[in-house]
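Here the structure comes first, spelled out in structure tokens, and everything after it is commentary.
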Amino acid sequence: MNGTWTKGSRTPRPPGTERLAPEAVRTGEPFTVLYGPGVGDVFVDSTTQACSMEQALWRMLRSAGFERIVFSTLHNPVYFRDRASWELSRRPAGRTAETAGRRGPRTMRHARLQGPLGGTQLLGAAPRSSTAEPTSGTGSGSGAALASGIADPFGVMTLTAHLRSTEHRTAVVFPHADEFLLLNQAPRQLAGAMAEWAADSVEGNQWILVFSRPSLNRVADFLAGLGRCPQLETFVNERRDEPTRGGTFRIGLPQAAELERLVHAVRLRKGLRVEWRDLDRVVRGMAGQPETARIWRERLEQLLRGEGMLNRDAVRPWLGGALSDERTPWERLAAMPGMEPLVRRFEDLRAETEASAELRARGLATDGEPPARHLVFKGNPGTGKTTVARLVGEMYRDLGLLSRGHCVEVKASDLIAGYVGQTAPRTDEAVDRALDGVLFIDEAYGLSDQSDGFGDEAVQALLKRMEDERDRLVVIVAGYPAKMTEFLDANPGLKSRFPLPNVVDFPDYGPGTLHTTLLNRLDQHGLRPGEEAAQALRQIVEGMHRSRDENFGNVREMRTLADAVRSRWAVRVRRDVEQPVVVDDIPETYRDHLPRPAPHPAELLAGLDRYVGLGPVRGELAGLANRLRMRQERGAGVFDPPHLLFTGPPGTGKTTVARQLGALFRGLGLLRKGHVVEVTRTDLVAGYLGQTALRVRDAVERSLDGVLFIDEAYSLVRDTGGHGGFGAEAVDTLLREMEHHRGRLVVIAAGYPEDMERLLDFNAGLRSRFTTKVPFPEFSLPDMEEILRRMAAASGYTLGTGTTERVRLWLEATRRARRDSFGNAREVRRLLELMEGRKAARWDQGEKGTEYLPADVPDPPDGQG
């Protein structure tokens, strides 16, 4: 049955700190579990005095109304930090004021507590002060009354007896609970005492256990691994699953007010010099870092030893770039290009926050869920997502929505472990580090990419913490636009926590912004481009922007280019650093983006001259080259390369010309790479819904800055009957990709003239995209005879007297017999293979000549000789 406690005489409340508030133990629970990154730190109270964790905890318990505070560690099973607690613990039951002065051995207050010396109580000397703990020393026994020499079982009995007392409100504190529970030699008695206490505790009295673990999850894991204290383990697990229940309290890191007191403590007591105009900004910067007060004290004392002054310059090595900009985070965000939508979003948030504060001040607001603060950043690399995430923390801190505003940056791979049960702790640890600030998860789609593995475990752990810590945590997930859309769609829980207004697009920077970024980077290096080099760099940036893909690094690419230019410049000038940057200082790989003079058509098309029967093709391509030369001479710039329709029967050179067209367009400066990717229907059309579009996009991605050649293109829609289907999906996707990658892609569709007309009729968008039609007519008989002669000559053979006539007869007869499938140059190649076989038979009989004779030509298909 629960007992009661009676309030004793009040003593003045000692000074405390924000991190250890009396509310932590005013829960009505039998246990209070303390944990967090601030455990073991030093605390600076309202009088600028620094105290240890144990001292701060004693003060907090005094402020909470505890009259007797008993401490216990492995080395000192029972001890006190103040005389009042010691006196309340040593006075035997029934002792009166008249007998208080008697001398003689002190005995146990409770007759049941019989130790190795009977009822004698071993409490040593009393603390010096009756109302407060000693101010010197931080050890568990410094200035405290000790009960040394007590065995663990008896120590547990003693502590339990104190807790069972109903006369004075009592707290039993284990300042090093991890060590105590792990190594205590009376685990059964301890577990039993906890179980009995949880079932029938005295109202107002508490066990206080301090764990040096950063999170409650870590405490739960420790207790589960320990396996000694099932009642305490259950207690912690229940509070972990229901954080709103009392009984647990996280001791965090120092915030601005405490850190300012720390600065003044070192200033007043040790003589640290302070730049007063910088103090507020410096303290806010310190508070934005996830560091303990102990570390900050060491840094301030280090600055003092170096006879330095506390100002922005002095703390910059500790804070990074946090103080390098005089502007507010709002001003820095507004100065970033393309951030107008985000600026408006945060201005709206500021207005909402101010309105809510005013409503509360007037007593008109009702408690409710705060608006969603988590954000989605969708954009390619180098578009400012990480920079803005850091600013978000500062802005939320300025609005009073986050107390610290620091930014913890992780990737999906940092949250996912390779073994069962390890992913959730990793995620929890990242969240614990980000509490009171921002958790920025870059490439967050990596979590859903592993949904069949441990990625989903990380998502579920993250969702729970986002709900549990809604007032102390802002999560920003970031990544490529399309992949982030898939990531949110894959999990309804994620989508509900990131409402649509909180999804922010980060577009690629324009060439002007990128060029300015490049020049700024060169200026930071101390470099000055000459006029010609400056023009070349602008053209290179424009070319890089025009040929960018989803992996384009935007600002990162500019930094890489500037650093590469600086390296080549330094090798050239050595100590003569006054020299400007010249074009030769730009690496060759970047000069591919510079426009090149269009060669003369005869020079450009020389590669086609060795092929027979391509007169019409050569004429069309010569027209393109002449058009480009004219635009360049007039200073009108280049045009986007056209998509081409190759129409003609098989074997007329369509594939051969397509393979050369990439290099030709690269020579004209219309394509940066000029490679050729050859595909057919089988490569583009899948048998399952949704897979065709993926195949088409993949083919286009491989062809960017080059040529995509689709042979027998009409076969894409031959099974659609003029309607939908997988082929129609391929055509629709291809049209979208051609428009999206305008200027970076040439598509050549090839096939029979009639079939290609039907393909263009299938979708009106095709006819508007394929603006240039290149006819490949059937080869004439003289053309085919010339092709055979050249093929034979390539192998070191000639055509003997009468052979050409036999070849013509064979080709004529074959064309008549196979009118719909005659292969033109392919048939010539097949004929040459037949002739080679017959010549090989004569060779075997000793005829070693290099001529093909009429007898080597087989009879025509119709039997004419």
Heavy-atom distance under 4.5 Å between the side chains of Leu223 and Val219, does that happen here?
-> yes
So, the side chain of Asn205 versus the backbone of Thr170: is there a donor-acceptor pair under 3.5 Å, distance only?
-> yes
Ion pair Arg350/Glu347, N-O distance below 4.0 Å | yes
Sidechain N-carboxylate O distance under 4.0 Å for Glu67, Arg169 = no
SB check Arg239 Glu29 (cutoff 4.0 Å) | yes
CA sep, side-chain torsions, deciding dist, call: Glu443, Lys483, salt bridge (charged side-chain N to carboxylate O under 4.0 Å, His left out) = CA-CA 9 Å; Glu443 300 177 7; Lys483 291 187 175 182; over 6 Å; no
Does a salt bridge link Lys411 with Asp442, judged by any charged N lying under 4.0 Å from a carboxylate O?
-> no
Non-hydrogen side-chain atoms of His176 and Leu74 separated by less than 4.5 Å | no
Give, for atom CG of Leu435 and atom OG of Ser215, the distance between the pair rounded to the nearest 0.5 Å.
-> 9.0 Å
Pairing of Glu23 and Arg26 as salt bridge, 4.0 angstrom limit | yes
For the pair Arg240 and Asp468, find out whether any cationic side-chain nitrogen is under 4.0 Å from an anionic carboxylate oxygen.
-> no
Does the side chain of Val475 come within less than 4.5 Å of Phe440's, by heavy atoms?
-> no
Side chains of Arg68 and Val70 in contact at under 4.5 Å (non-hydrogen atoms) | yes
Return yes if a side-chain donor-acceptor contact under 3.5 Å exists between Asp278 and Asn311, otherwise no.
-> no
By salt bridge (Lys or Arg N to Asp or Glu O under 4.0 Å) - contacts of Asp45 (at least two apart) | Arg59
Check whether any side-chain heavy atom of Val474 lies under 4.5 Å from a side-chain heavy atom of Leu439, and answer yes or no.
-> no
Any side-chain donor paired with an acceptor under 3.5 Å for Thr48 and Arg269?
-> yes
Enclosure of Lys495 NZ (heavy-atom neighbours >12, cutoff 6.0 Å) = no
Check whether any side-chain heavy atom of His374 lies under 4.5 Å from a side-chain heavy atom of Met466, and answer yes or no.
-> yes
Which word best sums up how the rings of Trp330 and Phe346 line up, parallel for under 30°, tilted for 30 to 60°, or perpendicular for over 60°?
-> perpendicular
Kindly compute the distance separating OG1 (Thr17) from CD (Gln49), expressed to the nearest 0.5 Å.
-> 13.5 Å
Considering only NZ, NE, NH1 and NH2 on the basic side and carboxylate oxygens on the acidic side, decide whether Asp428 and Arg465 come within less than 4.0 Å.
-> yes
Side-chain contact, heavy-atom cut-off 4.5 Å: Ile208 with Val172?
-> no
Kindly say whether Leu349 contributes a backbone atom to a donor-acceptor pair with the side chain of Thr353 at under 3.5 angstrom?
-> yes
Indicate, with yes or no, if the rings of Phe235 and Phe31 have centres closer together than 6.0 Å.
-> yes
Cation-pi, Phe43 ring and Arg19 (6.0 angstrom, 45 degrees) = yes
Okay, side chain of Asp41, backbone of Ala293: is any donor-acceptor separation there less than 3.5 Å?
-> yes
For Arg284, the side-chain hydrogen bond (donor to acceptor under 3.5 Å, both in side chains) test, sequence neighbours excluded, returns Asp280
Show your reasoning for whether side-chain contact (heavy atoms from CB on, under 4.5 Å) applies to Leu300 and Val263.
-> CA-CA 8 Å; Leu300 293 174; Val263 170; 4.0 Å; yes
Examine distances only and state if a side-chain atom of Tyr396 and a backbone atom of Arg373 form a donor-acceptor pair shorter than 3.5 Å.
-> yes
Short N-O contact, Glu18 and Arg261, less than 4.0 angstrom = yes
Between Glu331 (side chain) and Thr328 (backbone), is there a donor-acceptor pair under 3.5 Å?
-> yes
Between Arg345 and Asn502, do the side chains contain an N or O donor and an N or O acceptor separated by less than 3.5 Å?
-> yes
Under 4.5 Å between any side-chain heavy atoms of Asn380 and Tyr480, yes or no?
-> yes
Heavy-atom donor-acceptor pair, Arg397 side chain to Gly288 backbone, under 3.5 Å = no
Would you mind listing every side-chain hydrogen bond (donor to acceptor under 3.5 Å, both in side chains) that reaches into residues 291-301, with sequence neighbours excluded?
-> Lys270-Glu301
